[in-house]
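Data block below; observations after.
Atoms within each ligand, like the ligands themselves, are counted from 1 in listed order.
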Amino acid sequence: MALTGGKNQGDVSAMLAQAGRIIKDGGLVAFPTETVYGLGGDALNMESSRKIYEAKGRPSDNPLIVHIADMEHFEKIVSKVPEKARKLAEAFWPGPLTMIMEKAPIVPYRTTGGLDTVAVRMPGHPIALAFIKEAGGYVAAPSANLSGKPSPTTAKYVIQDMDGRIDMILDADSGETIGIESTIVDLTGETPMILRPGFITREMISAVVGKTDIDAAVFDDASKQPPKAPGMKYRHYAPQGELVIVEGEPGKVASYINAQTAAHARNGERTGVIGTSEMIEKYRADSIKDAGSRSDIVSAGSRIYTFLREFDDEQIDFIYSESFESTGVGQAIMNRLLKAAGHRCVQV
Ligand code: TXA
Ligand code: MG
């Protein structure tokens, strides 16, 4: 596998050209986006999509997002662009928003997991946009993790999961990633519906297109409510240790967590904590992660997946996390944390 991280402009152009050729030849390239790393293949080549599912170990009923770099390509893969999609594209593309619409016949069912709809996103990362152009305009890409693992926010974790399974990694860690996957909004019905919350919030979407719903499965255990985005039904983002979210008044949360970590320590088990800067000094555990200030929820979101991966590296058996407010971007963070925790949540 070619691993590239060229620093000067000549290197960057050469590696983008090489990455584009690999995609056109039916190969796979991992690439950075402003959310998480993607595992890309030619979206219009069903053999490439098959390879993506294989490399990820992903069930093939779980559709892929088609990444584009300009509006001309957009028109060609959806049968009709709804007016609301046009407005949302204008407001948020390039950026962390994925839209679901009726697909055009050129998009293979292999890419859409057998569905008549296609998910489309124009990412905001300059390397991603240049790569998509070099690759012919349509790059199908799920997050570049093995199925079930937290999405990778740095090249290090892409290599950990994908070494030997793909042809190339475009390594361009910027340190400024959003760190959680794009917001997904379904535009096939009258009222737009959010299937996966993200950095583009419901409030931001409804400011552009009016009334917007949220799939009920976003906050419920998927075993009770089948989610409309097939991928959301799988236990996702999971660290190897057992994660529990603790809700309540901050002082009580700290006392509860410290009692738990002390009990685990007596059993010889290793513990981790995710807390906000305001409370971080209070915790006692083998590994303590500072998610940043409670007033800076975006920063917490950008670190969550990295923390979960680091706990795996540190062989942590039990993880406790503070909870976050379920509004705005906090909604996306809580959605991912709840899934990673298999909905284990304690009120104190
Ligand atoms: O930020 C992101 O969106 C990242 C980067 C790489 O762009 N990609 C990403 O892809 O998160 P993935 O495959 O890990 O998640 C895509 C989600 C899955 O839950 C899938 O079921 C859903 O999108 N999805 C894709 N196409 C769909 C469709 N036609 N209808 C409903 N859900 C769809
Ligand atoms: Mg994923």
query = For Tyr283, is the NZ or CZ atom of Lys289 found under 6.0 angstrom from the centre of its six-membered ring and inside 45 degrees of the ring axis?
reply = no
ask   = Does the ring of Phe324 carry Arg294 above it, NZ/CZ under 6.0 angstrom from centre and within 45° of its axis?
value = yes
query = Considering distance alone, does some N or O of Thr117 sit under 3.5 Å from an N or O of ligand 1?
reply = yes
Going by the order shown, which atoms of ligand 1 are within less than 4.0 Å of some heavy atom of [X]?
X	value
His67	5 (C), 6 (C), 7 (O)
Ala141	8 (N), 10 (O)
Leu115	28 (C), 29 (N), 30 (N)
Gly38	6 (C)
Ile65	3 (O), 8 (N), 9 (C), 10 (O), 16 (C)
Ser143	8 (N), 9 (C), 10 (O), 12 (P), 14 (O)
Arg121	1 (O), 2 (C), 3 (O), 5 (C), 7 (O)
Lys228	31 (C)

Option of least heavy-atom distance to [atom] (set: [options]):
atom	options	answer
atom 13 (O) of ligand 1	Glu181, Glu34, Lys103, Arg58	Arg58
atom 23 (O) of ligand 1	Val36, Ile184, Thr111, Asp215	Ile184
atom 3 (O) of ligand 1	Ala229, Ser182, Pro152, Ala119	Ser182
atom 10 (O) of ligand 1	Pro142, Gly179, Pro63, Gly40	Pro142
atom 1 (O) of ligand 1	Thr112, Thr35, Thr33, Ile180	Thr35

inquiry  = Students often mix this up, so state it plainly: with edges at 30° and 60°, are the rings of Phe74 and Trp93 parallel, tilted or perpendicular?
reply    = perpendicular
query = In terms of hydrophobic clusters joined by side-chain contacts under 4.5 Å, are Met46 and Ile23 together?
reply = no
query = Is a donor on one side and an acceptor on the other found under 3.5 Å between the side chain of Asn258 and the backbone of Lys282?
reply = yes
query = Can you list the steps and then say if Ser277 with Asp290 is a side chain to side chain donor-acceptor pair (under 3.5 Å)?
reply = CA-CA 6 Å; Ser277 304; Asp290 185 347; 2.9 Å; yes
request  = Verify the ring-centre separation between His67 and Tyr138: is it less than 6.0 angstrom?
outcome  = no
query = Are any non-hydrogen side-chain atoms of Phe311 and Ile274 less than 4.5 angstrom apart?
reply = yes
message = I'd like to know: is the Mg ion (ligand 2) within the 2.8 Å range of an N/O/S atom from Ser143, strictly under that distance?
response = yes
task = Please lay out, stage by stage, how Arg50 and Glu54 fare under the test salt bridge (charged side-chain N to carboxylate O under 4.0 Å, His left out).
result = CA-CA 6 Å; Arg50 189 196 61 74; Glu54 191 178 77; 3.2 Å; yes
ask   = How far apart are the C-alpha atoms of Arg270 and Asp317, what are their side-chain angles, what is the distance that settles it, and do they pass the salt bridge (charged side-chain N to carboxylate O under 4.0 Å, His left out) test?
value = CA-CA 5 Å; Arg270 289 174 56 74; Asp317 304 301; 5.8 Å; no
